[in-house]
Amino acid sequence: MDTEKPSSSKKKKKTIEISSLADCEDVLHNILSRLPAKSFASAACVNKSWNCVCNSILSRPRIASACSFKASAPIALQEVLDKVLLEPIRPHFAIANVGRGFNMRRTLDFLVKHLGLRTPIILSVVHGVMGRDALTDEFREVKFQDHEDIGVNRGICTCGQQSGIVLTVGYLPGLKVDAIPLLRRKEIVQVPVDDTYVDVYLAPPVPMIDQFVMDIQNYTTSVSGCASPVGIIMFGKEDMDQKPIIEKLDYAMSMNTVFVGDERSRFAYRSGDDLRNVCGNPAFISDAVALVFASDKDKPHAGTGEIQFQLAMSEGVSAIGPRHKAVSVRANHAEGSTWLTAKREGHHEILDGEQILRHIDQLENRFPQVELYVGVTKRRKCSIGSEKSRLITTLAFHGIRGGDQEYLYVDGVGIKTGDYFQFYQPDHNAALAACRNASENIRNLKLNSSGKGFLGRRDVANSIDRKEVLGGFIFSCCGRGNSFFGGLNVDSFPFFENFPSAPLAGIFCGGEIGRGKLSMTGQESQEESPAERRYLHVYSTAYLVISYSAAPSE
């Protein structure tokens, strides 16, 4: 009996101490704010008082990112997850970009297990990553060597920096986020095999692009009351032409909607809506997936500030030679290419592919081995569903495959007789100048900076509008990097030099998506000429800056 009394007394004393601690809100706030994310989530479930303190800690948005280049994919994955969950955060979304050394299914399952079934997640295989090392905090840009057989099925990368991962987790109160796929439902046909019939899935040739756009509009309308979201981060399938998809999105969305992404990749995803989770289902093909960020019409509280998505671009090509007009055009849908002849602007002679390329190679002593593109100005009618169509004008890039005495051969389809086009080639000097311009545009967010990641501007009422840069994403062409510029970390420099402490995640991708009307000052830019309206780029870098304007009560 005597031995039990001290134990009972200690338990009672401990209960009193915990109760006193709960009453001391400032002390409790200080302790809970230091917990890692998983412990913080458990603490929020202790009682109403603790939950209220946890909500006050997470009243502001937060983005966390980290990268790892460990040779073992499971170890690298655990490192970046531990880093992004080191401080309190409630995952509203996650983006993981990996090299070929990662098993897609196991990686996605791991992230779902640790971030939650309702957290929208996109996982993509990329050509390289940018970010801060999870252990050393060193910022690095790393392009992967393109080896198809490096541990793809084993989940292990066997050598050096041939693979890696960058993981970003975001908490954005005031926004709703979900992953919405562009699907094709396969048709089932029965094929005779021996003495029986076997079900075979056949993919329809055309993806449901209109349905994809309407799915995004319907989701956005349901959560915000507006058909256009704040921003879209999109990943397209590597063997799918994304031009008609992005064209429809550009047509349907407000110019205030910013979207960025990787045009050609391998991806997997997890949506917060179980009805959309058909990734890996043999009855469906996913041709693209969009992470949609929409304003929340039911914000947690009236004092929630405003989150903005803003875009800066660093173009990396320069125009060469005269404009041409397509004369004879043949689309080869099976190969995903176009064959054409053309006239030089102001001339009547019809030129074959060999004649066109010979003239371009002679200009400015151009080296034939350098990649070459045509930028085609397209005026097309566009509509969604049954609505009335209208004309839009865009500049679309097509890679040159070659030319002979019959045709010029280019990647992709969608070129028509009468379209004008001009040749473009990668230009590292132009890209360096564009990086400086992008840095100046991003620097506009630093005016009257009042602290780390913060900026203050005085409005007409002379009150301070505090704005914080939460973080950023970079989507850079896989042809850029050290080999293109002859220097390290050039692509990340425009963001990193302005906001060195803000979380930043980037990738080297197979085609950079970048579309936005708002400049970095928050003011609309001059109306673009038709030929300058573009959303799919080549040898360029797109910078997405996510900022937060605090509410006056904050």
Side-chain angles (χ1 to χ4, degrees), residues 95 97-100 124-131 140-146 164 166 233-243 246 259-267 288 311-320 369-376 395-401 410-412 423-439 441-442 472-496 504-516 534-544:
I95 301 174
N97 308 112
V98 301
R100 294 183 180 275
S124 75
V125 177
V126 296
H127 296 269
V129 299
M130 312 173 195
R140 301 176 66 186
E141 287 184 15
V142 175
K143 288 177 66 176
F144 304 142
Q145 296 182 23
D146 192 15
V166 60
I233 299 179
M234 181 171 161
F235 295 84
K237 191 178 178 184
E238 57 188 346
D239 59 355
M240 180 70 190
D241 185 6
Q242 300 295 316
K243 291 182 179 66
I246 305 295
F259 48 85
V260 295
D262 186 350
E263 181 185 357
R264 295 182 294 275
S265 65
R266 284 197 296 120
F267 62 83
L311 176 73
M313 289 297 306
S314 168
E315 302 289 353
V317 292
S318 59
I320 57 173
Q369 64 268 26
V370 175
E371 290 185 63
L372 198 60
Y373 300 86
V374 289
V376 184
L395 179 66
F397 290 99
H398 297 258
I400 300 295
R401 293 190 177 188
V410 304
D411 289 326
F423 285 87
Y424 290 80
Q425 67 177 359
D427 185 338
H428 79 277
N429 289 325
L432 283 170
C435 279
R436 290 191 289 268
N437 289 336
S439 180
N441 288 333
I442 296 173
F473 291 89
I474 296 177
F475 296 85
S476 186
C477 175
C478 59
R480 291 169 62 118
N482 183 29
S483 60
F484 182 66
F485 290 110
L488 296 174
N489 298 347
V490 177
D491 283 303
S492 57
F493 177 77
F495 184 97
F496 191 70
L504 176 62
I507 62 172
F508 289 101
C509 52
E512 50 282 12
I513 302 169
R515 183 263 205 186
R534 64 187 77 172
Y535 31 76
L536 293 174
H537 307 260
V538 291
Y539 269 86
S540 301
T541 299
Y543 302 89
L544 174 63

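Aromatic ring centres of Tyr373 and Phe423 lie farther apart than the 6.0 Å criterion allows.
Looking at heavy atoms from C-beta onward, Val260 lies in side-chain contact with Leu311 at the 4.5 angstrom threshold. Residues Ile507 and Ile474 form no side-chain contact, since every pair of their non-hydrogen atoms from C-beta on lies 4.5 Å or further apart. Side-chain atoms of Cys477 and Phe508, non-hydrogen and from C-beta on, never get closer than 4.5 Å to each other. Looking at heavy atoms from C-beta onward, Ile513 lies out of side-chain contact with Asp262 at the 4.5 angstrom threshold. Contact annotation: the side chain of Met240 never approaches that of Arg264 to less than 4.5 Å [non-hydrogen atoms, C-beta and beyond]. In this structure the side chain of Arg534 reaches within 4.5 angstrom of the side chain of Phe397, judged on heavy atoms.
Proximity of a side-chain donor or acceptor of His398 to a complementary backbone N or O of Asp411 within less than 3.5 Å is detected. Checked by atom type and distance alone, the side chain of Ser439 never pairs as donor or acceptor with a backbone atom of Asn437 at under 3.5 Å. For Lys143 (side chain) and Ser483 (main-chain N/O), no donor-acceptor pair under 3.5 Å exists by modelled atom type. In this structure a side-chain-to-backbone donor-acceptor pair under 3.5 Å is missing from Ser314 to Ser540.
The salt bridge (charged side-chain N to carboxylate O under 4.0 Å, His left out) test applied to Asp491 returns Arg480, not counting sequence neighbours. By the side chain to side chain donor-acceptor pair (under 3.5 Å) test, Glu141 is found to be paired with Ser492, residues two or more places apart in sequence or in another chain being considered.
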Inset, instruction - Step by step, work out the side-chain contact (heavy atoms from CB on, under 4.5 Å) result for Val98 and Phe144. - result: CA-CA 10 Å; Val98 301; Phe144 304 142; over 6 Å; no
Inset, instruction - Could you please spell out the steps behind the side-chain contact (heavy atoms from CB on, under 4.5 Å) verdict for Glu263 and Glu512? - result: CA-CA 6 Å; Glu263 181 185 357; Glu512 50 282 12; over 6 Å; no
Legend entry - Test side-chain contact (heavy atoms from CB on, under 4.5 Å) applied to Glu371 and Gln425, step by step: CA-CA 6 Å; Glu371 290 185 63; Gln425 67 177 359; over 6 Å; no
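Ala438 and Tyr543 make their closest contact through CB-CE1, 4.0 Å (heavy atoms, listed as atom of the first residue, atom of the second, distance). Closest of all the heavy-atom pairs between His127 and Cys509 is CD2-C, 3.9 Å. Contact between Ala542 and Gly514 at its shortest, heavy atoms only, is CB-CA, 4.3 Å. Of all heavy-atom pairs between Val166 and Ala505, the closest is CG2-CB, 3.7 Å. The two residues Ser318 and Asp427 have their closest heavy-atom pair at OG-OD2, 3.1 Å.
Taking the six-membered ring where the residue is Trp, Phe484 and Tyr539 present tilted rings, their angle falling between 30° and 60°.
The distance from atom NZ of Lys237 to atom CD of Gln242, rounded to the nearest 0.5 Å, is 10.0 Å. Here the CE-OG distance, from Met234 to Ser124, works out to 12.5 Å after rounding to the nearest 0.5 Å. With rounding to the nearest 0.5 angstrom, the CD1 atom of Ile320 is 5.0 Å from the CG atom of Leu372. Residue Phe493 holds its CZ atom at 10.5 Å from CD1 of Ile442, rounded to the nearest 0.5 Å. Note that the CG atom of Leu536 and the CZ atom of Arg515 stand 12.0 Å from one another [nearest 0.5 Å]. In this structure, CG in Asn97 is found 10.5 Å from CE in Met130, a value given to the nearest 0.5 Å.
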Enumerate donor-acceptor pairs with a distance under 3.5 Å from any side-chain N or O in residues 428-436 to protein atoms, sequence neighbours excluded.
none

